[in-house]
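Right, one structure below, let's go through it.
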There are 2 protein chains.
Amino acid sequence: MKIRRSTSAAVAATALLASCAGAPPEPLSAPTAFVPPADVADAIRVHALRTGGTWRLLEELCTTAPTRLSGSPGAERAVAWSVEAMRAAGLENVRLEPCTVPYWERGDVGEVVVVEPAEARGERLAMLALGGSVATPSDGLEADVVLVQSFAELSERADEVRGKLVLHGRPMDPTVSPFEAYGGAVAQRSRGAVEAARAGAVGSLCRSLSLATDDVPHTGGMRYDDGVPRIPSAALSTLATDRIAGWLAEGRRVRLAWRQNPRWREPVPSFNVVGELVGREQPEEIIVLGGHLDSWDVGQGAHDDAAGCVQTLEAVRLLKELELRPRRTLRVVFFMNEENGLAGGRAYREQHADEMGQHVLAIESDRGAYTPRGFTTNANAAALSALRAAVAPLAAFGADRVLPGGGGADISPMGPDGVVLVGYLPDPQRYFDLHHTAADTLDRVHPRELELGTVAIATLAWAVAEAPSALPRNP
Amino acid sequence: MKIRRSTSAAVAATALLASCAGAPPEPLSAPTAFVPPADVADAIRVHALRTGGTWRLLEELCTTAPTRLSGSPGAERAVAWSVEAMRAAGLENVRLEPCTVPYWERGDVGEVVVVEPAEARGERLAMLALGGSVATPSDGLEADVVLVQSFAELSERADEVRGKLVLHGRPMDPTVSPFEAYGGAVAQRSRGAVEAARAGAVGSLCRSLSLATDDVPHTGGMRYDDGVPRIPSAALSTLATDRIAGWLAEGRRVRLAWRQNPRWREPVPSFNVVGELVGREQPEEIIVLGGHLDSWDVGQGAHDDAAGCVQTLEAVRLLKELELRPRRTLRVVFFMNEENGLAGGRAYREQHADEMGQHVLAIESDRGAYTPRGFTTNANAAALSALRAAVAPLAAFGADRVLPGGGGADISPMGPDGVVLVGYLPDPQRYFDLHHTAADTLDRVHPRELELGTVAIATLAWAVAEAPSALPRNP
């Protein structure tokens with residue numbers, strides 16, 4: 001399907017003429033040169049919403065490879081699917097780019113059972129081992145629980161903690177934005193075991209990083225430090241945490257029996273999956289867009305981050321179908337191993353080190369598939385103006401905000417090279433209800449919201465890839 | 001709970017001083033005078049998100065009176081609950097204001113059964129009688145179906161239609177905003193029966209006004225014209241409509257047997273429910289905020305419009321709890337009979353005709369309880385600037401858009417008096433999945449999204465009620 005449209009040269013000239021009316025001429029790098037013509041922006045939106053292709057891709061990926069933890073057979077299936085999907089979408093230069101990933105397995109045992117208080121003895125608390133955790137002894141670990149709200153409190157109460165289980169129980173702050181709240185609480189998950197072990201604890205539990213009060217535990221990455229004992233670590237659901245907090249507030253002793261058997265296996269060869277729509281005039285200049293193909297090993301990783309992958313693929317597929325091949329190259333990258341290592345993001349940067357100077361922009365979608373609000377970026381002032389111009393047509397559905405912020409973990413290794421990084425910004429209110437849980441499934445994604453994200457990404461990517469001059473690089 | 005804050009006089013002076021830095025002084029009516037101080041805006045957001053009071057009110061209303069169609073016992077229960085809830089919230093001058101409402105009842109029979117094609121004979125199609133429709137003959141109505149995409153097509157095919165059932169089958173346009181798509185399709189529901197009867201049809205069906213493809217039928221209001229035969233009217237689910245369209249596209253005859261027994265009863269005395277936070281300095285100047293208390297007779301009307309009512313009540317309750325009694329009076333109005341008559345909105349305007357000159361602003365929340373995006377308004381340019389200043393703090397969660405548009409059906413009768421009307425604007429993408437259906441239930445409302453709407457409404461209402469000068473009226 002081809003849309004009738006003025007040539008980009010004519011568009012640039014029109015923008016230039018418009019800017020001349022009563023004002024001195026502006027150079028072609030001025031933001032107006034980045035505004036997509038209305039017919040292009042309309043064509044992208046109308047075609048996407050009419051055909052709904054992103055949902056079909058999401059359904060395929062989530063059913064073909066519902067869990068995709070790095071190193072696992074699921075991740076391998078996802079790589080194979082991605083190659084076929086990129087080919088079917090008509091992308092060029094479809095290829096695998098190698099990276100070696102860590103391989104952690106959850107195992108088949110995971111339970112936390114109440115020992116005290118007596119009247120709750122035998123009750124199981126909803127839990128998930130944290131990604132990277134070691135196992136408990138095979139006959140389990142039984143100990144009393146000390147609940148702390150912060151690492152500072154943990155230090156102060158170090159005497160009480162020896163030989164116990166520490167429960168890091170500070171809730172996410174509901175009064176700030178969900179991502180800010182996550183940032184303010186995530187150290188309990190990622191560093192909780194190290195801090196607890198330093199104080200002499202034998203195990204580290206944390207309150208699930210969720211804004212919901214429910215019995216759905218949230219996994220996620222954690223790490224150990226050299227020289228600090230490696231103690232088991234798991235998340236409890238928010239309800240289970242609140243239950244324990246209630247018992248402790250009543251002065252009751254809380255004692256738990258905990259068994260889990262995750263293990264680290266040998267690193268595994270894996271891949272980023274890459275495909276392109278080669279640029280019409282300056283093919284050596286590259287706009288990267290992508291998400292991460294790996295996920296945790298529960299649910300389907302539908303929002304995190306199957307959605308981000310298929311949005312960027314569909315964005316480029318749409319442009320190709322509309323015969324909107326831009327001046328520069330659009331390169332779709334499905335990164336491997338964002339969740340527990342970032343091997344894919346690092347490998348991409350290393351393998352393309354020579355090309356970094358020609359990387360004009362990198363866009364990542366990894367904040368869920370809710371209604372688009374805009375983008376965040378590390379862009380300098382000049383590039384920020386250009387990006388704002390590029391997304392102007394998205395005001396039609398309120399997705400035209402470009403705010404300072406990060407681009408995304410996978411593309412972050414390119415930041416020091418001066419590549420402008422952009423992160424897709426959907427509505428954040430529901431994301432931490434299901435992030436890293438068994439509830440992150442296809443049915444929690446709204447087809448129209450998902451598709452509008454594709455529209456936003458396609459519009460921005462096209463505008464920057466087509467602009468007469470390149471986006472100003474970061475210093 | 002009282003927040004520490006500068007007095008409003010000091011705030012106004014600060015705003016004035018700020019505006020003087022390097023620029024001529026501005027009058028107090030300038031938009032800066034409408035910007036809520038940061039401590040007030042923060043206190044409203046933090047207190048609301050921490051306490052989550054809107055959800056508790058919503059749960060109460062939806063479980064006390066799950067259906068609230070005008071004239072029904074459910075509506076009566078909702079009125080009684082509202083009086084108690086306003087009193088419990090500490091509102092002043094809580095009262096019932098009378099209005100007489102039409103009373104339509106769905107009855108206990110409603111079915112559309114396939115007669116042809118033969119292989120589907122006996123299958124029931126998901127349907128709901130439209131609000132206001134007459135019954136079929138008690139032994140049913142059996143006729144062939146003619147599918148039309150527009151009233152123009154209906155006119156052209158008038159010869160085929162006589163003695164048949166017309167199915168108005170044009171889908172909502174997925175490529176525009178959901179409310180625009182609804183506006184472009186709703187005449188099929190509201191006027192379909194009149195147009196079909198004029199062409200000689202014996203019944204009028206319409207495709208549910210939904211952007212989802214599912215088996216959930218959507219009811220809603222329809223009307224008859226004097227002098228045109230009153231034929232039965234119902235909505236089919238989008239799936240049922242698509243099924244019929246598929247058969248017809250294959251050249252098959254489609255014949256349906258339809259029975260429904262709704263009826264009009266005598267009009268019933270009912271009420272708007274009103275309560276106030278009386279203004280501290282200019283109590284005679286009034287900001288109205290509200291939603292409609294009635295709903296359709298399926299589901300719980302959770303989004304439409306229990307949420308709107310409880311958001312406005314909680315907004316005022318919050319301000320009272322924070323000891324933020326503003327200069328002007330905040331008046332919460334739960335309007336009756338928005339869905340099938342607007343008797344409450346009209347009665348309010350009539351009963352307060354003398355006060356219209358002191359109505360500074362009216363805010364309605366009636367577009368669902370999704371994440372706030374901002375507001376729409378009929379405001380003149382000066383008032384628009386002031387409103388934009390008033391919602392500036394909502395940029396923190398992307399709810400600071402003030403766009404031209406309507407305020408809401410219930411407050412619309414005040415428009416000709418020059419009252420500035422504002423409609424709360426949440427994210428619209430999911431609303432027409434469940435509008436007027438059995439699926440519009442409590443579990444489809446997200447507590448945090450609901451609460452953020454309360455924050456947006458409270459902030460705007462407070463800013464306008466507290467501003468040193470009144471919002472400029474419309475001409």
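Just so it is clear, the model here is predicted, and its values are computed rather than measured. Per chain, numbering begins at 1; letters A, B, ... match sequence-line order. All values below come from the heavy atoms of this structure, side chains included, with hydrogens, waters and symmetry mates left out.
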Heavy-atom distance under 4.5 Å between the side chains of B/Arg373 and A/Thr371, does that happen here?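 Yes - at least one pair of side-chain heavy atoms lies under 4.5 Å apart.
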
Could you work out, with side-chain contact (heavy atoms from CB on, under 4.5 Å) as the rule, every residue matching B/Arg207, not counting sequence neighbours?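 Expected list: B/Pro171, B/Thr238, B/Thr241, B/Asp242.
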
Residues which pass side-chain contact (heavy atoms from CB on, under 4.5 Å) with B/Arg56, listed by chain and number, not counting sequence neighbours: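 By the side-chain contact (heavy atoms from CB on, under 4.5 Å) rule, B/Arg56 matches no residue at all.
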
B/Pro428, B/Gly398, B/Ala396, B/Ser177: which one forms the most heavy-atom pairs within less than 4.5 Å of chain A?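 Ranked by contacts with chain A, first place is B/Gly398.
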
Spell out the residues in residues 432-444 of chain B that have some non-hydrogen atom less than 4.5 Å away from a non-hydrogen atom of chain A, in order of number; otherwise answer 'none'.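 Against chain A, the residues of residues 432-444 of chain B that fall inside the cut-off (heavy atoms, under 4.5 Å) are B/Asp433, B/Arg444.
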
Using a heavy-atom cutoff of under 4.5 Å, enumerate the residues of residues 447-455 of chain B that contact chain A, numbered in order, or state 'none'.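 Residues in range: B/Arg448, B/Glu449, B/Leu452.
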
With a 4.5 angstrom heavy-atom cut-off, which part of A/Leu211 approaches chain B: side chain, backbone, both or neither?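 Contact with chain B: side chain only.
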
For B/Arg401, is it the side chain, the backbone, both, or neither that has a heavy atom closer than 4.5 Å to a heavy atom of chain A?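 Only the side chain of B/Arg401 comes within 4.5 Å of chain A.
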
For the pair B/Arg50 (side chain) and A/Pro174 (backbone), establish whether a donor and an acceptor sit closer than 3.5 Å, ignoring hydrogens and angles.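 No, B/Arg50 side chain to A/Pro174 backbone: no donor-acceptor pair under 3.5 Å.
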
Rounded to the nearest 0.5 Å, what separation is found between the CZ atom of A/Phe397 and the CD atom of B/Gln429?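 The distance works out to 8.5 Å.
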
